[in-house]
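In what follows, every chain begins at residue 1, and chains take the letters A, B, ... in the order their sequences are listed.
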Number of protein chains: 2
Amino acid sequence: MQTEISQTDKSRDRILSSAALLFCEHGYAGVSMRKIAENCEMKAGSLYYHFTSKDQILTEVLNIGIQKVHAAVADALSDTPKDTLAIDKLRRAVSGHLHALLENSSFTSANVRIFRQVPEEIQLSNLDVRRAYEALWEKFLIELKEAGHLHANVDPRSLRLMLIGALNATLEWFDPKLGEISELADRYTNILANGMLRERNL
Amino acid sequence: MQTEISQTDKSRDRILSSAALLFCEHGYAGVSMRKIAENCEMKAGSLYYHFTSKDQILTEVLNIGIQKVHAAVADALSDTPKDTLAIDKLRRAVSGHLHALLENSSFTSANVRIFRQVPEEIQLSNLDVRRAYEALWEKFLIELKEAGHLHANVDPRSLRLMLIGALNATLEWFDPKLGEISELADRYTNILANGMLRERNL
DNA sequence: GTATCTACCTAACGTTTGTTAGAAGTATTT
DNA sequence: AAATACTTCTAACAAACGTTAGGTAGATAC
């Protein structure tokens with residue numbers, strides 16, 4: 001059993017977590033190396049023992065953010081019985097994404113908040129993991145489509161953009177004191193699956 | 001007829017527009033007074049003839065952002081015939097919001113992008129206009145509900161948050177070169193109204 | 001017990017930051 | 001033509017920025 005975690009690794013993690021939280025709250029340019037250091041009870045210069053630059057911290061935060069939500073959704077979709085209802089598969093995926101976004105760590109929320117305002121070269125370095133995550137959803141939605149579960153005029157790509165966008169936007173207002181994530185996931189799944197209007201207009 | 005626009009007003013507008021665009025692209029802290037000035041072919045010091053501080057520019061940008069989208073949606077909803085279908089009213093509101101967000105000016109998109117990462121006191125100064133805009137949607141959705149157009153288990157507040165969130169999130173990926181805003185509005189309206197799944201699960 | 005390695009600190013560097021005071025140029029008014 | 005307002009400029013300020021070099025304390029190795 002190898003549960004030993006070196007001091008270096010602990011410090012690295014602490015720095016990345018602090019950076020993620022602060023980036024999420026104040027934006028990339030709004031957070032200084034000194035503030036990140038202060039948040040882990042260090043001095044600014046010490047950060048450079050673990051990272052070569054602020055940009056490197058940013059890059060790692062962004063990548064971890066997508067990896068976490070990817071893993072959460074992949075897990076949620078992997079162990080579903082063959083005969084699971086389409087809406088229940090959807091609920092699992094939605095729930096996985098929302099938990100990764102709104103719970104525990106700030107990596108995913110930092111990514112959602114700051115990705116578009118970060119230097120373009122750094123956006124590019126995050127593209128691979130992003131595309132992999134998008135592909136996961138795309139595959140799921142295309143399977144639904146081919147199994148005949150989607151409306152004919154709904155195209156998977158547009159749906160995916162709308163769906164993930166709607167989920168990510170919860171970050172702007174969700175407050176754990178005012179409701180459970182699982183209830184939120186249920187409400188979203190319900191509207192996404194059945195729509196809001198009683199009459200159908202197709 | 002009073003179409004005279006003073007030099008001061010022209011400069012003020014130019015500064016605010018530049019600031020909105022830059023804030024949207026790089027975040028609040030990522031934009032310096034010198035960059036704003038450069039964008040309107042001025043020097044940084046000159047900005048202080050029109051504004052007392054960077055915070056004041058920010059505050060005005062945020063307020064204008066909400067006011068523009070509010071006006072767009074209010075307009076879209078105001079001149080609808082009495083017998084308009086629920087889905088068509090929805091389409092008008094959605095279309096109004098998306099046009100204000102994705103077209104022409106950057107005020108609304110700047111607000112969506114940076115609101116949560118600006119100092120709390122400035123968020124507070126934007127609360128009144130935000131609440132007014134939220135109330136506009138809330139009123140619209142409650143009317144739909146009371147007229148029996150919404151599913152029984154859909155509550156207007158949650159729906160409003162999801163709906164506006166989904167619309168705002170288009171900002172992260174929409175590209176006018178790859179599609180019209182009106183088509184986007186149609187697709188979103190369709191899914192929001194009818195849902196994505198063919199079978200109903202209520 | 002000396003030497004090496006690890007993880008952090010101190011102190012400084014050049015640059016950029018928001019902001020200000022006062023000069024300078026341009027319109028407008030008298 | 002002189003005087004008054006209006007708008008922008010220049011030049012500087014103290015503070016904060018990312019980053020670097022070199023030092024220090026404690027653990028580990030020989």
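- Looking at heavy-atom distances under 4.0 Å, B:Lys43 makes contact with a base.
- Straight-line distance from the CD1 atom of A:Ile36 to the C1' atom of D:dT19: 13 Å, rounded to whole Å.
- Backbone-only contact: A:Ser32 has heavy atoms under 4.0 Å from sugar-phosphate atoms and none from a base.
- Of the candidates D:dG18, C:dT6, C:dG18, the closest approach to any side-chain atom of A:Tyr49 belongs to C:dT6.
- Rounded to whole Å, atom P of C:dC9 lies 13 Å from atom CE of A:Met33.
- The 5' end of DNA chain C is approached more closely, in terms of each residue's nearest nucleotide, by A:Ser46 than by the other of A:Ser46 and B:Gly45.
- The pair B:Glu38-B:Arg34 does not meet the salt-bridge criterion, since no charged nitrogen lies less than 4.0 angstrom from a carboxylate oxygen.
- Looking at A:His97 and A:Asn168, their side chains do bring a donor and an acceptor atom within 3.5 Å of each other.
- Contact detail for A:Ile114 and A:Gly27: the closest heavy-atom pair is CG2-CA, 4.0 Å.
- As a whole-Å value, the separation of B:Glu41 CD from D:dC9 C1' is 15 Å.
- In this structure, A:Arg92 is not positioned above the aromatic face of A:Phe140 in the sense of NZ or CZ being under 6.0 Å from the six-membered ring centre and within 45° of the axis.
- Straight-line distance from the CZ atom of B:Arg34 to the P atom of C:dT15: 14 Å, rounded to whole Å.
- Close to D:dT20, at under 4.0 Å from its OP1 or OP2, lies no side-chain N or O of A:Tyr48.
- The CZ atom of A:Phe51 sits 13 Å away from the P atom of C:dA7 (whole-angstrom rounding).
- Here the nucleotide nearest the side chain of A:Ser11, chosen from D:dC17, D:dT8, C:dA7, is C:dA7.
- Across the protein-nucleic acid pair, A:Phe23 atom CZ and D:dG18 atom C1' stand 12 Å apart, rounded to whole Å.
- Note: NZ (A:Lys54) to P (D:dT19) measures 8 Å, nearest angstrom.
- In this entry the distance linking NE2 of B:His50 with P of C:dG18 reads 18 Å, nearest Å.
- Of the charged side-chain nitrogens involved, none lies within less than 4.0 Å of a carboxylate oxygen, so that B:Asp13 and B:Lys10 do not count as a salt-bridged pair.
- If you check D:dT8, C:dG18, C:dC8 against the side chain of A:Met42, the one that comes closest is C:dC8.
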